[in-house]
Number of protein chains: 2
Amino acid sequence: MASDRRPYKRESEDVRRDSLINAALELIADGGPKAATVRAIAEKAGVTAGLIRHYFASKEDLVRESYRRMMDRMTADNAAVLDDARPDPVVRLATFVAASLQPPVVDPTRVGLWAGFLHGVQIDPQIRKVHIQTYLAYRDLLQNLIEHLPEMTNPRCPRAAAIACNGVIDGLWMEASAVPEVFEPGEILEIGLIAVGKILEVDLLTAFKTEHQDMA
Amino acid sequence: MASDRRPYKRESEDVRRDSLINAALELIADGGPKAATVRAIAEKAGVTAGLIRHYFASKEDLVRESYRRMMDRMTADNAAVLDDARPDPVVRLATFVAASLQPPVVDPTRVGLWAGFLHGVQIDPQIRKVHIQTYLAYRDLLQNLIEHLPEMTNPRCPRAAAIACNGVIDGLWMEASAVPEVFEPGEILEIGLIAVGKILEVDLLTAFKTEHQDMA
DNA sequence: TGCCTTGTTTTACAAATGATCAATAACCCA
DNA sequence: TGGGTTATTGATCATTTGTAAAACAAGGCA
């Protein structure tokens with residue numbers, strides 16, 4: 001008798017967990033948290049719903065892991081920009097700031113995903129911990145870049161400078177991602193470079209333009 | 001035979017709609033969007049679930065209205081600060097910025113509520129419209145304050161200046177609201193005033209301190 | 001007072017959700 | 001090659017969800 005049972009392939013724990021996490025992230029990104037049901041996640045990951053609880057203690061557990069994954073990616077993306085950048089500290093900072101204010105970091109999908117989790121920061125201690133770690137990692141990166149600026153323009157309080165610059169970047173990132181149609185093309189990038197430049201008293205815009213003359 | 005039916009009082013449409021909207025906002029604020037079920041909303045509003053659809057076409061409709069209400073409140077709060085402020089343009093701007101970086105505007109509950117809706121901005125056209133209107137209203141208010149600054153310090157492009165300042169304020173507001181324990185008391189306020197001041201080349205911090213000598 | 005409108009409750013329902021677990025078959029290894 | 005391990009399926013459960021509509025009663029008005 002022919003079995004009408006669905007054929008499948010056994011996969012390693014890593015592969016399956018990755019599939020499920022990615023599926024959850026995609027669903028939350030474009031349908032919000034409520035779209036990430038166990039069945040939808042399973043289908044997108046190419047498995048059946050029952051398998052989720054073979055790899056995660058609960059759906060909530062999977063969501064937590066997904067948040068961690070998303071934040072890890074953001075941190076990695078941010079740090080990666082600096083690998084290719086020239087050693088000049090001003091150019092490095094300009095490159096770093098610019099990366100956060102352009103695609104693919106600026107992206108409606110990403111901000112939706114990020115917002116979907118933000119409420120969890122208020123409720124779930126583990127999500128909160130990850131949020132703080134990621135925030136501080138980004139800010140420390142920024143502070144480090146600031147501290148390597150030419151001595152003359154070195155701010156008295158690097159911590160405060162980093163918090164301020166982080167604020168501008170976050171705010172502009174959010175707005176540009178959420179409602180891009182409100183701004184002119186490239187406007188947010190230029191405004192961000194100018195604003196961070198004024199806070200630090202460095203001309204980031206010129207530094208960025210000379211470095212990337214190929215761009216508009 | 002004694003009726004075990006729950007006693008009730010007839011109320012006007014306004015009262016009932018207000019109760020339901022407020023209940024929805026409270027629930028979303030401290031339990032996230034998923035906590036705002038029709039039954040929970042009804043209970044918090046002191047009615048039974050069936051009544052919701054007597055005043056709203058659907059739950060989604062109620063949520064939309066709630067979002068509008070929240071945004072209206074934020075706009076009103078922001079504008080209200082300026083009523084009491086002295087006519088001096090620098091002081092007015094400083095007061096306005098400071099209000100956005102202190103309680104009750106800075107508040108974990110508020111940012112949770114705000115985040116709960118942010119995903120809707122990507123999906124629901126009506127929510128998106130309200131979001132844009134509110135954003136532009138705040139930014140225009142800011143731009144207006146900036147344009148009234150002493151001519152010498154008047155920025156060449158008020159629009160860009162307003163976008164930048166709005167960015168700092170939003171970013172710092174979000175971070176201070178989400179994870180206040182990462183900052184020292186009053187730190188965000190001071191950093192925000194300095195940052196906006198540097199962008200506009202005005203000393204907002206001094207203006208704020210002289211105006212509010214009673215504060216730390 | 002007594003009727004009528006309609007705000008409100010109540011019950012009901014179908015669909016969806018997260019969870020559970022026995023059955024099964026894919027793959028590893030002896 | 002064949003048996004055992006276990007990853008995976010699939011069926012099922014108890015809840016919860018938004019919605020629907022009938023039954024009821026509060027308050028206005030003649």
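Each chain gets a letter, A, B and so on, in the order the sequences are listed, and its residues count up from 1. Below, all heavy atoms of this structure are taken into account, side chains as well, without hydrogens, waters or symmetry copies.
- When side chains are defined from C-beta on, I169(B) counts as touching Y138(B), because their heavy atoms get closer than 4.5 Å.
- Atoms CD (E43(A)) and P (dG18(C)) sit 14 Å apart, rounded to a whole Å.
- A straight line from CD of E13(A) to P of dC27(C) spans 17 Å, rounded to a whole angstrom.
- Ion pair E65(B)/R69(B) not flagged as a salt bridge, since none of the NZ, NE, NH1 or NH2 atoms sits closer than 4.0 Å to an Asp/Glu carboxylate oxygen.
- For the pair R17(B) CZ and dT8(C) P, the computed distance is 13 Å after rounding to whole Å.
- For N22(A) (side chain) and D18(A) (main-chain N/O), a donor-acceptor pair under 3.5 Å exists by modelled atom type.
- When rounded to the nearest whole Å, the span between CZ of F56(B) and C1' of dG18(D) equals 15 Å.
- Straight-line distance from the CZ atom of R53(B) to the C1' atom of dT11(C): 16 Å, rounded to whole Å.
- Between R39(A) atom CZ and dT17(D) atom C1' the separation is 13 Å, expressed in whole Å.
- Listed nucleotides dT19(D), dT17(D), dG18(C) differ in distance to T37(B); the shortest reach to its side chain belongs to dT17(D).
- For the pair I52(A) and A36(B), both in contact range of DNA chain D, the more 5′-proximal nearest nucleotide belongs to I52(A).
- Rounded to whole Å, atom C1' of dG18(D) lies 14 Å from atom CG of D61(B).
- In this structure, I163(A) and L172(B) approach most closely via the heavy-atom pair O-CD2, 3.7 Å.
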Protein-nucleic acid N or O pairs under 3.5 Å, nucleotides 6-8 of chain D:
unit_1: dT6(D); atom_1: O4'; unit_2: R10(A); atom_2: NH2; d: 3.4
unit_1: dT6(D); atom_1: O2; unit_2: R10(A); atom_2: NH1; d: 3.3
unit_1: dT6(D); atom_1: O2; unit_2: R10(A); atom_2: NH2; d: 2.9
unit_1: dA7(D); atom_1: OP2; unit_2: H54(A); atom_2: NE2; d: 3.0
unit_1: dA7(D); atom_1: O4'; unit_2: R10(A); atom_2: NH2; d: 3.1
unit_1: dT8(D); atom_1: OP1; unit_2: K9(A); atom_2: O; d: 3.3
unit_1: dT8(D); atom_1: OP1; unit_2: E11(A); atom_2: N; d: 2.7
unit_1: dT8(D); atom_1: OP1; unit_2: R16(A); atom_2: NH1; d: 2.3
unit_1: dT8(D); atom_1: OP2; unit_2: Y55(A); atom_2: OH; d: 2.4
unit_1: dT8(D); atom_1: O5'; unit_2: R16(A); atom_2: NH1; d: 3.4

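- Whole-Å rounding puts the R64(B) CZ to dG18(D) C1' distance at 15 Å.
- By the 30° and 60° cut-offs, the orientation of the rings of W173(B) relative to W114(B) is perpendicular.
- In this structure, R110(B) and M74(B) have side chains that are in contact, with non-hydrogen atoms separated by less than 4.5 Å.
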